[in-house]
Asks: 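Before I ask anything, here is the structure I am working with.
Chain naming here is simple, since letters A, B, ... match the order of the sequence lines and numbering starts at 1 in each.
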Number of protein chains: 2
Amino acid sequence: MKTIASPSFRPLYDQIKILITQSLIAGEWRPGDAIPSEMELASRFQVSQGTVRKAIDALAGENILVRRQGKGTFVASHAQERTTTRFLRVAPDSAVTEYPASELLSVERARAPDETLRLLELRAGSTVYIIRRLLKYHGSPAILDEIHLPCALFKGLEEDALRNHKGSMYGFLESQYGVTMIRAEEHIKAVAADEFSAARLGVAPLTPLLRVDRVAFTYGDRPVEWRRGLCVTTECSYINEVS
Amino acid sequence: MKTIASPSFRPLYDQIKILITQSLIAGEWRPGDAIPSEMELASRFQVSQGTVRKAIDALAGENILVRRQGKGTFVASHAQERTTTRFLRVAPDSAVTEYPASELLSVERARAPDETLRLLELRAGSTVYIIRRLLKYHGSPAILDEIHLPCALFKGLEEDALRNHKGSMYGFLESQYGVTMIRAEEHIKAVAADEFSAARLGVAPLTPLLRVDRVAFTYGDRPVEWRRGLCVTTECSYINEVS
DNA sequence: GAGTGGTCTAGACCACCCC
DNA sequence: GGGTGGTCTAGACCACTCT
(Lines give C-alpha, C1' and ligand atoms only; values in the text may rest on other atoms or scores of the structure.)
Protein backbone atom coordinates (compact mmCIF):
# COMPACT_ATOMS: atom_id res chain seq x y z
CA MET A 1 0.00 0.00 0.00
CA LYS A 2 3.03 2.26 -0.19
CA THR A 3 3.13 2.70 -3.96
CA ILE A 4 2.63 6.40 -4.53
CA ALA A 5 3.28 7.82 -7.96
CA SER A 6 4.47 11.41 -8.05
CA PRO A 7 2.26 12.78 -10.82
CA SER A 8 -1.42 12.90 -9.89
CA PHE A 9 -0.56 11.98 -6.33
CA ARG A 10 -3.45 10.78 -4.19
CA PRO A 11 -3.03 10.45 -0.43
CA LEU A 12 -3.71 7.05 1.09
CA TYR A 13 -6.43 8.39 3.38
CA ASP A 14 -8.21 9.70 0.29
CA GLN A 15 -8.16 6.26 -1.28
CA ILE A 16 -9.48 4.78 1.95
CA LYS A 17 -12.23 7.39 1.97
CA ILE A 18 -13.23 6.27 -1.52
CA LEU A 19 -13.25 2.62 -0.46
CA ILE A 20 -15.49 3.39 2.49
CA THR A 21 -17.81 5.41 0.26
CA GLN A 22 -18.02 2.48 -2.15
CA SER A 23 -19.07 0.21 0.71
CA LEU A 24 -21.79 2.73 1.55
CA ILE A 25 -22.98 2.80 -2.06
CA ALA A 26 -22.96 -1.00 -2.16
CA GLY A 27 -25.08 -1.04 0.99
CA GLU A 28 -22.55 -3.02 2.99
CA TRP A 29 -23.43 -0.84 5.97
CA ARG A 30 -26.87 0.77 6.16
CA PRO A 31 -27.93 4.06 7.73
CA GLY A 32 -27.92 3.72 11.52
CA ASP A 33 -25.48 0.79 11.44
CA ALA A 34 -22.09 0.88 13.09
CA ILE A 35 -19.21 0.47 10.65
CA PRO A 36 -16.23 -1.68 11.71
CA SER A 37 -13.87 -0.18 14.28
CA GLU A 38 -10.87 1.85 13.19
CA MET A 39 -8.53 -1.00 14.06
CA GLU A 40 -10.55 -3.48 12.00
CA LEU A 41 -10.62 -1.19 8.97
CA ALA A 42 -6.90 -0.50 9.37
CA SER A 43 -6.17 -4.21 9.23
CA ARG A 44 -8.60 -4.77 6.35
CA PHE A 45 -7.01 -2.02 4.24
CA GLN A 46 -3.47 -2.71 5.47
CA VAL A 47 -2.83 0.83 6.69
CA SER A 48 -2.32 2.36 10.11
CA GLN A 49 -5.17 3.38 12.38
CA GLY A 50 -4.20 7.03 11.91
CA THR A 51 -4.80 6.83 8.18
CA VAL A 52 -8.23 5.24 8.59
CA ARG A 53 -8.92 7.90 11.17
CA LYS A 54 -8.22 10.70 8.74
CA ALA A 55 -10.52 9.15 6.13
CA ILE A 56 -13.32 8.80 8.68
CA ASP A 57 -12.71 12.35 9.90
CA ALA A 58 -13.35 13.63 6.38
CA LEU A 59 -16.56 11.62 6.03
CA ALA A 60 -17.74 12.70 9.46
CA GLY A 61 -17.09 16.32 8.44
CA GLU A 62 -19.45 15.80 5.50
CA ASN A 63 -22.10 14.37 7.84
CA ILE A 64 -21.94 11.03 6.06
CA LEU A 65 -20.64 9.22 9.15
CA VAL A 66 -21.22 10.03 12.80
CA ARG A 67 -18.64 9.29 15.49
CA ARG A 68 -19.70 8.43 19.02
CA GLN A 69 -16.92 8.12 21.53
CA GLY A 70 -16.88 4.82 23.34
CA LYS A 71 -19.50 3.30 21.01
CA GLY A 72 -18.29 3.35 17.46
CA THR A 73 -18.73 5.10 14.12
CA PHE A 74 -22.18 5.02 12.52
CA VAL A 75 -23.69 5.65 9.13
CA ALA A 76 -25.65 8.90 9.35
CA SER A 77 -29.40 8.35 9.11
CA HIS A 78 -32.32 10.67 8.54
CA ALA A 79 -34.26 8.57 11.02
CA GLN A 80 -32.15 9.78 13.93
CA GLU A 81 -33.59 12.74 15.76
CA ARG A 82 -31.71 15.97 15.21
CA THR A 83 -30.83 14.75 11.75
CA THR A 84 -34.36 15.00 10.41
CA THR A 85 -34.09 18.77 10.29
CA ARG A 86 -30.66 18.78 8.68
CA PHE A 87 -31.77 20.13 5.31
CA LEU A 88 -34.58 22.32 6.56
CA ARG A 89 -33.26 25.85 6.74
CA VAL A 90 -36.60 27.59 7.05
CA ALA A 91 -37.64 28.07 10.66
CA PRO A 92 -40.17 30.21 12.57
CA ASP A 93 -38.82 33.48 13.95
CA SER A 94 -40.46 32.65 17.28
CA ALA A 95 -38.14 30.83 19.66
CA VAL A 96 -40.17 27.64 19.68
CA THR A 97 -38.75 25.34 17.02
CA GLU A 98 -41.22 22.54 16.45
CA TYR A 99 -40.96 20.17 13.50
CA PRO A 100 -43.51 21.18 10.87
CA ALA A 101 -46.59 19.07 10.19
CA SER A 102 -46.78 17.71 6.66
CA GLU A 103 -49.95 17.46 4.59
CA LEU A 104 -49.72 15.43 1.40
CA LEU A 105 -51.60 17.10 -1.46
CA SER A 106 -50.97 14.86 -4.46
CA VAL A 107 -48.74 12.24 -6.03
CA GLU A 108 -48.59 11.76 -9.77
CA ARG A 109 -46.40 10.17 -12.38
CA ALA A 110 -45.32 12.27 -15.36
CA ARG A 111 -42.68 12.96 -17.96
CA ALA A 112 -39.86 14.85 -16.32
CA PRO A 113 -39.67 18.54 -17.28
CA ASP A 114 -36.52 19.51 -19.19
CA GLU A 115 -34.97 21.25 -16.21
CA THR A 116 -35.47 18.19 -14.00
CA LEU A 117 -34.00 15.95 -16.71
CA ARG A 118 -30.93 18.12 -16.92
CA LEU A 119 -30.37 18.62 -13.20
CA LEU A 120 -30.90 14.96 -12.29
CA GLU A 121 -28.91 13.77 -15.34
CA LEU A 122 -31.78 11.61 -16.61
CA ARG A 123 -32.23 10.24 -20.12
CA ALA A 124 -34.72 12.05 -22.35
CA GLY A 125 -38.22 10.72 -21.80
CA SER A 126 -37.61 9.60 -18.22
CA THR A 127 -40.55 9.75 -15.88
CA VAL A 128 -40.68 11.17 -12.37
CA TYR A 129 -43.05 11.09 -9.45
CA ILE A 130 -44.30 14.58 -8.71
CA ILE A 131 -45.27 15.03 -5.10
CA ARG A 132 -46.98 18.10 -3.74
CA ARG A 133 -47.23 18.76 -0.04
CA LEU A 134 -47.78 21.51 2.47
CA LEU A 135 -45.73 22.07 5.61
CA LYS A 136 -47.30 23.89 8.52
CA TYR A 137 -45.76 25.53 11.54
CA HIS A 138 -48.08 25.82 14.51
CA GLY A 139 -51.00 25.01 12.27
CA SER A 140 -50.45 27.75 9.72
CA PRO A 141 -49.20 26.94 6.19
CA ALA A 142 -45.55 27.85 5.68
CA ILE A 143 -44.06 25.89 2.79
CA LEU A 144 -45.59 24.51 -0.39
CA ASP A 145 -43.31 21.85 -1.86
CA GLU A 146 -43.17 20.27 -5.30
CA ILE A 147 -40.85 17.29 -5.33
CA HIS A 148 -39.57 15.38 -8.38
CA LEU A 149 -38.21 11.83 -7.90
CA PRO A 150 -37.03 9.58 -10.76
CA CYS A 151 -39.45 6.63 -11.12
CA ALA A 152 -36.54 4.35 -12.03
CA LEU A 153 -34.99 4.87 -8.62
CA PHE A 154 -38.15 4.91 -6.50
CA LYS A 155 -40.15 2.12 -8.10
CA GLY A 156 -43.74 1.76 -7.02
CA LEU A 157 -43.84 4.77 -4.79
CA GLU A 158 -47.35 4.87 -3.40
CA GLU A 159 -49.44 7.68 -2.06
CA ASP A 160 -50.68 5.57 0.86
CA ALA A 161 -47.20 4.60 2.03
CA LEU A 162 -46.12 8.21 1.84
CA ARG A 163 -49.17 9.42 3.71
CA ASN A 164 -48.77 6.85 6.46
CA HIS A 165 -45.11 7.57 7.04
CA LYS A 166 -44.25 9.52 10.17
CA GLY A 167 -41.34 11.90 9.93
CA SER A 168 -39.42 13.58 7.17
CA MET A 169 -39.49 12.83 3.45
CA TYR A 170 -35.82 11.90 3.43
CA GLY A 171 -36.37 9.50 6.32
CA PHE A 172 -39.07 7.83 4.20
CA LEU A 173 -36.88 7.55 1.10
CA GLU A 174 -34.02 6.19 3.19
CA SER A 175 -36.02 3.47 4.94
CA GLN A 176 -38.17 2.48 1.94
CA TYR A 177 -35.66 2.76 -0.91
CA GLY A 178 -32.25 2.80 0.72
CA VAL A 179 -31.48 6.18 -0.82
CA THR A 180 -29.79 8.54 1.62
CA MET A 181 -29.41 12.24 0.89
CA ILE A 182 -26.09 13.66 1.97
CA ARG A 183 -25.90 17.09 0.38
CA ALA A 184 -28.00 19.62 -1.50
CA GLU A 185 -27.54 22.73 -3.63
CA GLU A 186 -30.13 25.46 -3.31
CA HIS A 187 -30.93 28.48 -5.47
CA ILE A 188 -33.18 31.04 -3.85
CA LYS A 189 -35.28 33.81 -5.36
CA ALA A 190 -38.14 36.06 -4.28
CA VAL A 191 -41.29 35.62 -6.35
CA ALA A 192 -44.92 36.76 -6.29
CA ALA A 193 -47.46 34.11 -5.28
CA ASP A 194 -49.64 32.82 -8.14
CA GLU A 195 -53.33 32.04 -7.63
CA PHE A 196 -52.81 28.34 -6.93
CA SER A 197 -49.98 28.76 -4.45
CA ALA A 198 -51.61 31.69 -2.70
CA ALA A 199 -54.75 29.64 -2.13
CA ARG A 200 -52.77 26.71 -0.72
CA LEU A 201 -50.66 28.91 1.52
CA GLY A 202 -53.57 31.02 2.69
CA VAL A 203 -52.15 34.33 1.51
CA ALA A 204 -53.21 36.92 -1.03
CA PRO A 205 -52.08 36.43 -4.63
CA LEU A 206 -48.90 38.40 -5.42
CA THR A 207 -47.66 38.04 -1.84
CA PRO A 208 -43.84 37.85 -1.95
CA LEU A 209 -42.65 34.28 -1.37
CA LEU A 210 -39.24 32.71 -0.98
CA ARG A 211 -38.69 30.22 -3.80
CA VAL A 212 -36.11 27.61 -2.84
CA ASP A 213 -34.99 25.31 -5.68
CA ARG A 214 -32.99 22.33 -4.55
CA VAL A 215 -31.07 19.45 -6.06
CA ALA A 216 -30.26 16.75 -3.49
CA PHE A 217 -27.42 14.25 -3.83
CA THR A 218 -26.80 10.77 -2.48
CA TYR A 219 -23.50 8.89 -1.96
CA GLY A 220 -20.99 9.52 -4.70
CA ASP A 221 -22.56 12.94 -5.42
CA ARG A 222 -25.33 11.47 -7.53
CA PRO A 223 -28.29 13.87 -7.98
CA VAL A 224 -31.53 12.08 -7.14
CA GLU A 225 -34.12 14.71 -6.21
CA TRP A 226 -35.29 18.02 -7.51
CA ARG A 227 -37.54 20.15 -5.37
CA ARG A 228 -39.09 23.59 -5.34
CA GLY A 229 -40.35 25.11 -2.11
CA LEU A 230 -42.49 28.23 -1.87
CA CYS A 231 -42.26 29.77 1.60
CA VAL A 232 -44.32 32.38 3.36
CA THR A 233 -41.74 34.41 5.25
CA THR A 234 -43.87 36.72 7.31
CA GLU A 235 -43.20 34.64 10.41
CA CYS A 236 -40.40 32.40 9.13
CA SER A 237 -36.90 33.01 7.81
CA TYR A 238 -34.38 31.05 5.81
CA ILE A 239 -31.38 30.89 8.12
CA ASN A 240 -27.85 30.46 6.89
CA GLU A 241 -24.34 30.70 8.23
CA VAL A 242 -21.63 31.81 5.86
CA SER A 243 -17.90 31.64 6.39
CA MET B 1 1.68 21.45 29.30
CA LYS B 2 0.46 18.01 30.31
CA THR B 3 -1.86 19.05 33.14
CA ILE B 4 -5.27 17.94 32.03
CA ALA B 5 -8.09 17.87 34.55
CA SER B 6 -10.74 15.24 34.01
CA PRO B 7 -13.89 17.32 34.52
CA SER B 8 -14.37 19.94 31.79
CA PHE B 9 -11.55 18.39 29.81
CA ARG B 10 -10.13 20.57 27.06
CA PRO B 11 -7.79 19.07 24.47
CA LEU B 12 -4.36 20.62 24.12
CA TYR B 13 -4.91 21.46 20.45
CA ASP B 14 -7.99 23.40 21.49
CA GLN B 15 -5.98 25.46 23.93
CA ILE B 16 -3.36 26.08 21.22
CA LYS B 17 -6.15 27.16 18.89
CA ILE B 18 -7.27 29.72 21.47
CA LEU B 19 -3.71 31.00 21.91
CA ILE B 20 -3.34 31.46 18.16
CA THR B 21 -6.71 33.24 18.01
CA GLN B 22 -5.58 35.57 20.79
CA SER B 23 -2.48 36.46 18.79
CA LEU B 24 -4.74 37.27 15.86
CA ILE B 25 -6.96 39.47 18.05
CA ALA B 26 -3.87 41.22 19.44
CA GLY B 27 -2.71 41.87 15.89
CA GLU B 28 0.55 39.99 16.32
CA TRP B 29 0.09 38.71 12.76
CA ARG B 30 -1.94 40.74 10.28
CA PRO B 31 -4.08 39.58 7.38
CA GLY B 32 -1.86 38.41 4.54
CA ASP B 33 1.09 37.74 6.87
CA ALA B 34 2.67 34.35 7.32
CA ILE B 35 2.41 33.01 10.86
CA PRO B 36 5.43 31.15 12.33
CA SER B 37 6.09 27.65 11.04
CA GLU B 38 4.54 24.65 12.74
CA MET B 39 7.89 23.71 14.27
CA GLU B 40 8.39 27.20 15.66
CA LEU B 41 4.92 27.28 17.20
CA ALA B 42 5.43 23.77 18.59
CA SER B 43 8.57 24.90 20.36
CA ARG B 44 6.94 28.13 21.54
CA PHE B 45 3.97 26.33 23.06
CA GLN B 46 5.99 23.29 24.18
CA VAL B 47 3.86 20.77 22.34
CA SER B 48 4.49 18.46 19.41
CA GLN B 49 4.17 19.56 15.80
CA GLY B 50 1.15 17.28 15.41
CA THR B 51 -0.76 19.15 18.07
CA VAL B 52 -0.03 22.55 16.52
CA ARG B 53 -1.03 21.02 13.22
CA LYS B 54 -4.43 20.02 14.51
CA ALA B 55 -5.05 23.52 15.90
CA ILE B 56 -4.09 25.10 12.57
CA ASP B 57 -6.24 22.57 10.70
CA ALA B 58 -9.26 23.73 12.68
CA LEU B 59 -8.55 27.41 11.99
CA ALA B 60 -7.92 26.70 8.31
CA GLY B 61 -11.27 24.90 8.21
CA GLU B 62 -12.92 28.07 9.47
CA ASN B 63 -11.18 30.09 6.75
CA ILE B 64 -9.29 32.07 9.36
CA LEU B 65 -5.90 30.77 8.26
CA VAL B 66 -4.80 29.60 4.83
CA ARG B 67 -2.19 26.89 4.32
CA ARG B 68 0.09 26.91 1.30
CA GLN B 69 2.30 23.88 0.92
CA GLY B 70 5.96 24.70 0.67
CA LYS B 71 5.41 28.35 1.64
CA GLY B 72 3.80 28.58 5.03
CA THR B 73 0.52 29.32 6.80
CA PHE B 74 -1.04 32.74 6.28
CA VAL B 75 -3.68 34.89 7.94
CA ALA B 76 -6.70 34.96 5.61
CA SER B 77 -7.26 38.38 4.07
CA HIS B 78 -10.19 39.93 2.23
CA ALA B 79 -7.62 41.62 -0.01
CA GLN B 80 -6.64 38.32 -1.61
CA GLU B 81 -8.45 37.54 -4.81
CA ARG B 82 -10.99 34.73 -4.51
CA THR B 83 -11.53 35.76 -0.93
CA THR B 84 -13.28 39.04 -1.77
CA THR B 85 -16.38 37.17 -2.80
CA ARG B 86 -16.41 34.89 0.21
CA PHE B 87 -19.52 36.34 1.84
CA LEU B 88 -21.38 37.24 -1.33
CA ARG B 89 -23.88 34.49 -2.01
CA VAL B 90 -25.96 36.37 -4.54
CA ALA B 91 -24.76 35.79 -8.09
CA PRO B 92 -26.15 36.26 -11.60
CA ASP B 93 -27.81 33.20 -13.12
CA SER B 94 -25.80 33.77 -16.29
CA ALA B 95 -22.54 31.86 -16.32
CA VAL B 96 -20.37 34.98 -16.31
CA THR B 97 -19.51 35.75 -12.71
CA GLU B 98 -18.09 39.24 -12.58
CA TYR B 99 -17.57 41.10 -9.32
CA PRO B 100 -20.37 43.66 -8.90
CA ALA B 101 -19.70 47.37 -9.24
CA SER B 102 -20.43 49.34 -6.07
CA GLU B 103 -22.05 52.78 -5.97
CA LEU B 104 -21.94 54.60 -2.65
CA LEU B 105 -25.22 56.37 -1.92
CA SER B 106 -24.77 57.89 1.53
CA VAL B 107 -22.87 57.77 4.78
CA GLU B 108 -24.35 59.15 7.98
CA ARG B 109 -23.86 58.93 11.70
CA ALA B 110 -26.84 58.12 13.88
CA ARG B 111 -28.12 56.52 17.06
CA ALA B 112 -28.17 52.78 16.55
CA PRO B 113 -31.66 51.29 16.15
CA ASP B 114 -32.67 48.90 18.94
CA GLU B 115 -32.22 45.82 16.80
CA THR B 116 -28.69 46.85 15.83
CA LEU B 117 -27.88 47.58 19.49
CA ARG B 118 -29.03 44.13 20.47
CA LEU B 119 -27.41 42.17 17.67
CA LEU B 120 -24.05 43.96 17.92
CA GLU B 121 -24.15 43.89 21.73
CA LEU B 122 -23.72 47.67 22.02
CA ARG B 123 -24.49 49.86 25.01
CA ALA B 124 -27.70 51.83 24.89
CA GLY B 125 -27.18 55.14 23.13
CA SER B 126 -24.27 53.93 21.00
CA THR B 127 -23.88 55.47 17.58
CA VAL B 128 -23.30 53.75 14.26
CA TYR B 129 -22.32 54.77 10.78
CA ILE B 130 -25.12 53.97 8.38
CA ILE B 131 -23.87 53.33 4.88
CA ARG B 132 -26.13 52.88 1.89
CA ARG B 133 -24.84 51.53 -1.37
CA LEU B 134 -25.96 49.91 -4.58
CA LEU B 135 -24.33 46.89 -6.19
CA LYS B 136 -24.72 46.37 -9.92
CA TYR B 137 -24.14 43.32 -12.06
CA HIS B 138 -23.41 44.12 -15.70
CA GLY B 139 -24.59 47.65 -15.16
CA SER B 140 -28.02 46.83 -13.78
CA PRO B 141 -28.88 47.35 -10.09
CA ALA B 142 -29.02 44.10 -8.12
CA ILE B 143 -28.52 44.75 -4.41
CA LEU B 144 -29.37 47.72 -2.22
CA ASP B 145 -27.38 47.54 1.01
CA GLU B 146 -27.80 49.30 4.33
CA ILE B 147 -24.80 48.75 6.56
CA HIS B 148 -24.47 49.59 10.27
CA LEU B 149 -20.97 49.89 11.77
CA PRO B 150 -20.29 50.92 15.41
CA CYS B 151 -18.63 54.36 15.46
CA ALA B 152 -16.52 53.30 18.42
CA LEU B 153 -14.83 50.63 16.36
CA PHE B 154 -14.54 52.48 13.06
CA LYS B 155 -13.54 55.95 14.24
CA GLY B 156 -13.54 58.71 11.67
CA LEU B 157 -14.90 56.67 8.84
CA GLU B 158 -15.08 59.03 5.91
CA GLU B 159 -17.22 59.02 2.83
CA ASP B 160 -14.27 60.00 0.62
CA ALA B 161 -12.04 57.17 1.80
CA LEU B 162 -14.88 54.73 1.32
CA ARG B 163 -15.66 56.07 -2.14
CA ASN B 164 -12.04 55.94 -3.27
CA HIS B 165 -11.46 52.39 -2.09
CA LYS B 166 -11.26 49.75 -4.78
CA GLY B 167 -12.65 46.34 -3.92
CA SER B 168 -14.97 44.96 -1.31
CA MET B 169 -16.29 46.63 1.82
CA TYR B 170 -14.66 44.01 4.04
CA GLY B 171 -11.33 44.57 2.29
CA PHE B 172 -11.69 48.26 3.16
CA LEU B 173 -12.53 47.64 6.82
CA GLU B 174 -9.65 45.19 7.10
CA SER B 175 -6.99 47.46 5.63
CA GLN B 176 -8.22 50.71 7.22
CA TYR B 177 -9.31 49.49 10.65
CA GLY B 178 -7.69 46.10 11.09
CA VAL B 179 -11.09 44.49 11.56
CA THR B 180 -11.39 41.19 9.70
CA MET B 181 -14.73 39.45 9.20
CA ILE B 182 -14.55 35.71 9.57
CA ARG B 183 -18.15 34.56 9.75
CA ALA B 184 -21.70 35.78 9.29
CA GLU B 185 -25.24 34.74 10.16
CA GLU B 186 -27.95 35.52 7.66
CA HIS B 187 -31.75 35.57 7.92
CA ILE B 188 -33.57 35.72 4.62
CA LYS B 189 -37.12 36.72 3.80
CA ALA B 190 -39.11 37.70 0.73
CA VAL B 191 -40.56 41.21 0.91
CA ALA B 192 -42.33 43.68 -1.38
CA ALA B 193 -40.24 46.63 -2.57
CA ASP B 194 -41.15 49.96 -0.97
CA GLU B 195 -41.13 53.19 -3.00
CA PHE B 196 -37.59 54.20 -2.04
CA SER B 197 -35.98 50.81 -2.69
CA ALA B 198 -37.90 50.25 -5.90
CA ALA B 199 -36.66 53.56 -7.28
CA ARG B 200 -33.07 52.78 -6.39
CA LEU B 201 -33.24 49.28 -7.82
CA GLY B 202 -35.08 50.33 -10.95
CA VAL B 203 -38.07 48.07 -10.39
CA ALA B 204 -41.76 48.67 -9.81
CA PRO B 205 -42.94 49.17 -6.23
CA LEU B 206 -44.19 45.92 -4.65
CA THR B 207 -41.78 43.83 -6.73
CA PRO B 208 -40.76 40.81 -4.63
CA LEU B 209 -37.23 41.24 -3.28
CA LEU B 210 -34.93 38.99 -1.32
CA ARG B 211 -34.17 40.61 2.04
CA VAL B 212 -30.92 39.33 3.50
CA ASP B 213 -30.20 40.42 7.09
CA ARG B 214 -26.67 39.71 8.22
CA VAL B 215 -24.62 39.95 11.38
CA ALA B 216 -20.89 39.63 10.68
CA PHE B 217 -18.32 38.53 13.26
CA THR B 218 -14.61 39.12 13.69
CA TYR B 219 -12.01 37.08 15.62
CA GLY B 220 -13.34 35.65 18.85
CA ASP B 221 -16.89 35.64 17.44
CA ARG B 222 -17.41 39.31 18.19
CA PRO B 223 -20.33 40.82 16.22
CA VAL B 224 -19.20 44.02 14.50
CA GLU B 225 -21.50 44.64 11.55
CA TRP B 226 -25.19 44.56 10.85
CA ARG B 227 -26.38 44.72 7.30
CA ARG B 228 -29.59 44.47 5.32
CA GLY B 229 -29.48 43.74 1.60
CA LEU B 230 -32.46 43.99 -0.73
CA CYS B 231 -31.90 41.94 -3.86
CA VAL B 232 -33.63 41.85 -7.21
CA THR B 233 -33.73 38.17 -8.07
CA THR B 234 -35.10 38.18 -11.58
CA GLU B 235 -31.63 37.50 -12.99
CA CYS B 236 -29.78 36.64 -9.78
CA SER B 237 -30.10 33.93 -7.14
CA TYR B 238 -28.91 33.42 -3.61
CA ILE B 239 -26.88 30.22 -3.85
CA ASN B 240 -26.31 27.91 -0.92
CA GLU B 241 -24.99 24.46 -0.27
CA VAL B 242 -26.46 22.52 2.61
CA SER B 243 -25.17 19.32 4.15
C1' DG C 1 19.64 22.47 -0.72
C1' DA C 2 16.98 24.33 2.87
C1' DG C 3 12.59 25.24 4.62
C1' DT C 4 7.72 24.74 4.53
C1' DG C 5 3.50 22.08 4.87
C1' DG C 6 1.55 17.09 3.96
C1' DT C 7 1.45 12.10 4.75
C1' DC C 8 2.09 7.87 7.25
C1' DT C 9 3.39 5.11 10.96
C1' DA C 10 3.67 3.04 15.77
C1' DG C 11 2.87 3.36 20.32
C1' DA C 12 1.21 5.22 24.71
C1' DC C 13 -2.33 6.85 27.23
C1' DC C 14 -7.07 9.10 28.17
C1' DA C 15 -12.27 9.53 28.04
C1' DC C 16 -16.37 7.25 27.33
C1' DC C 17 -19.74 3.36 27.04
C1' DC C 18 -21.50 -1.02 28.25
C1' DC C 19 -21.38 -5.38 30.33
C1' DG D 1 -12.64 -5.02 32.24
C1' DG D 2 -12.58 -4.69 27.55
C1' DG D 3 -13.92 -2.25 23.59
C1' DT D 4 -14.53 2.13 21.22
C1' DG D 5 -13.12 6.62 19.69
C1' DG D 6 -9.94 10.78 21.14
C1' DT D 7 -5.44 12.83 22.21
C1' DC D 8 -0.55 13.36 22.08
C1' DT D 9 3.96 12.25 20.79
C1' DA D 10 8.25 11.27 17.93
C1' DG D 11 10.18 10.21 13.87
C1' DA D 12 10.55 9.17 8.94
C1' DC D 13 9.71 10.46 4.56
C1' DC D 14 7.23 12.99 0.58
C1' DA D 15 5.66 17.18 -2.10
C1' DC D 16 6.14 21.85 -2.95
C1' DT D 17 8.48 26.53 -3.22
C1' DC D 18 12.16 29.51 -3.44
C1' DT D 19 16.97 30.63 -3.82
Asks: Begin from the C-alpha positions of B:S237 and A:I188 and carry the test side-chain contact (heavy atoms from CB on, under 4.5 Å) through to its verdict.
Replies: CA-CA 5 Å; B:S237 294; A:I188 306 172; over 6 Å; no

Asks: Looking at B:D213 and B:R227, is there a salt bridge between them, counting it only when a charged N and a carboxylate O are closer than 4.0 Å?
Replies: no

Asks: Which whole-number value in Å describes the distance from B:D14 CG to D:dG6 C1'?
Replies: 12 Å

Asks: If only side-chain N and O atoms count, and only distance matters, is there a donor-acceptor pair under 3.5 Å linking A:E174 with A:S77?
Replies: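 On atom types as modelled, these side chains qualify, holding a pair under 3.5 Å.
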
Asks: With a 4.0 Å cutoff (strictly under), does any side-chain N or O of A:T73 reach OP1 or OP2 of D:dG5?
Replies: yes

Asks: With the side chain of B:R67 defined as its heavy atoms from C-beta on, choose the nearest nucleotide among C:dT4, C:dG5, C:dT7.
Replies: C:dG5

Asks: Among D:dT4, D:dT7, D:dT9, which nucleotide sits nearest the side chain of A:R53?
Replies: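 In terms of side-chain proximity for A:R53, the closest of D:dT4, D:dT7, D:dT9 is D:dT7.
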
Asks: How close or far is atom C1' of D:dT4 from atom CG of A:L65, stated in whole angstroms?
Replies: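 Taking atom C1' of D:dT4 as the reference, CG of A:L65 is at 15 Å.
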
Asks: One pair to check against side-chain hydrogen bond (donor to acceptor under 3.5 Å, both in side chains): B:T116 and B:H148. What are the steps and the verdict?
Replies: CA-CA 7 Å; B:T116 303; B:H148 294 192; 2.9 Å; yes

Asks: Please give me every residue in residues 30-38 of chain B whose heavy atoms get under 4.0 Å of an atom in DNA chain C, ordered by residue number.
Replies: B:S37, B:E38

Asks: Expressed in angstrom and rounded to an integer, what is the separation of A:R68 atom CZ from C:dC17 atom C1'?
Replies: 12 Å

Asks: Round to a whole Å and report the spacing from CD of A:Q15 to P of C:dT7.
Replies: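 Atom CD in A:Q15 sits about 12 Å away from atom P in C:dT7.
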
Asks: So, OP1 or OP2 of C:dG5: does either fall under 4.0 Å of a side-chain N or O from B:K71?
Replies: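 No, because none of the side-chain N or O atoms of B:K71 sits under 4.0 Å from OP1 or OP2 of C:dG5.
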
Asks: Under a 3.5 Å threshold, yes or no: a donor from one side chain and an acceptor from the other, between A:Y219 and A:Q22?
Replies: no

Asks: From the list C:dC8, D:dT7, C:dC16, which nucleotide is the closest neighbour of the side chain of A:S48?
Replies: C:dC8

Asks: Run B:E103 and B:K136 through salt bridge (Lys or Arg N to Asp or Glu O under 4.0 Å) and show every step you take.
Replies: CA-CA 8 Å; B:E103 180 188 321; B:K136 299 179 178 182; 3.2 Å; yes

Asks: Counting heavy atoms from C-beta on, name the nucleotide in C:dC16, C:dT9, D:dT9 closest to the side chain of A:V47.
Replies: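 The closest nucleotide is C:dT9.
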
Asks: What is the distance, to the nearest angstrom, from the NZ atom on B:K17 to the C1' atom on D:dG6?
Replies: 16 Å

Asks: Side chain of B:K54 only, heavy atoms from C-beta on: which candidate in D:dT7, C:dC8, D:dC16 is closest?
Replies: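 Nearest nucleotide to the side chain: D:dT7.
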
Asks: Name the atoms and distances for all side-chain donor-acceptor pairs under 3.5 Å in residues 66-75 of chain A, with sequence neighbours left out.
Replies:
residue: A:R67; atom: NH1; partner: A:D57; partner atom: OD1; Å: 2.4
residue: A:R67; atom: NH2; partner: A:E38; partner atom: OE2; Å: 2.1

Asks: How long is the line joining CG of A:L12 and P of C:dT7, in whole Å?
Replies: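 The answer, rounded to whole Å, is 11 Å.
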
Asks: Report the distance from atom CE of A:M39 to atom P of D:dG6, rounded to the nearest whole Å.
Replies: 15 Å

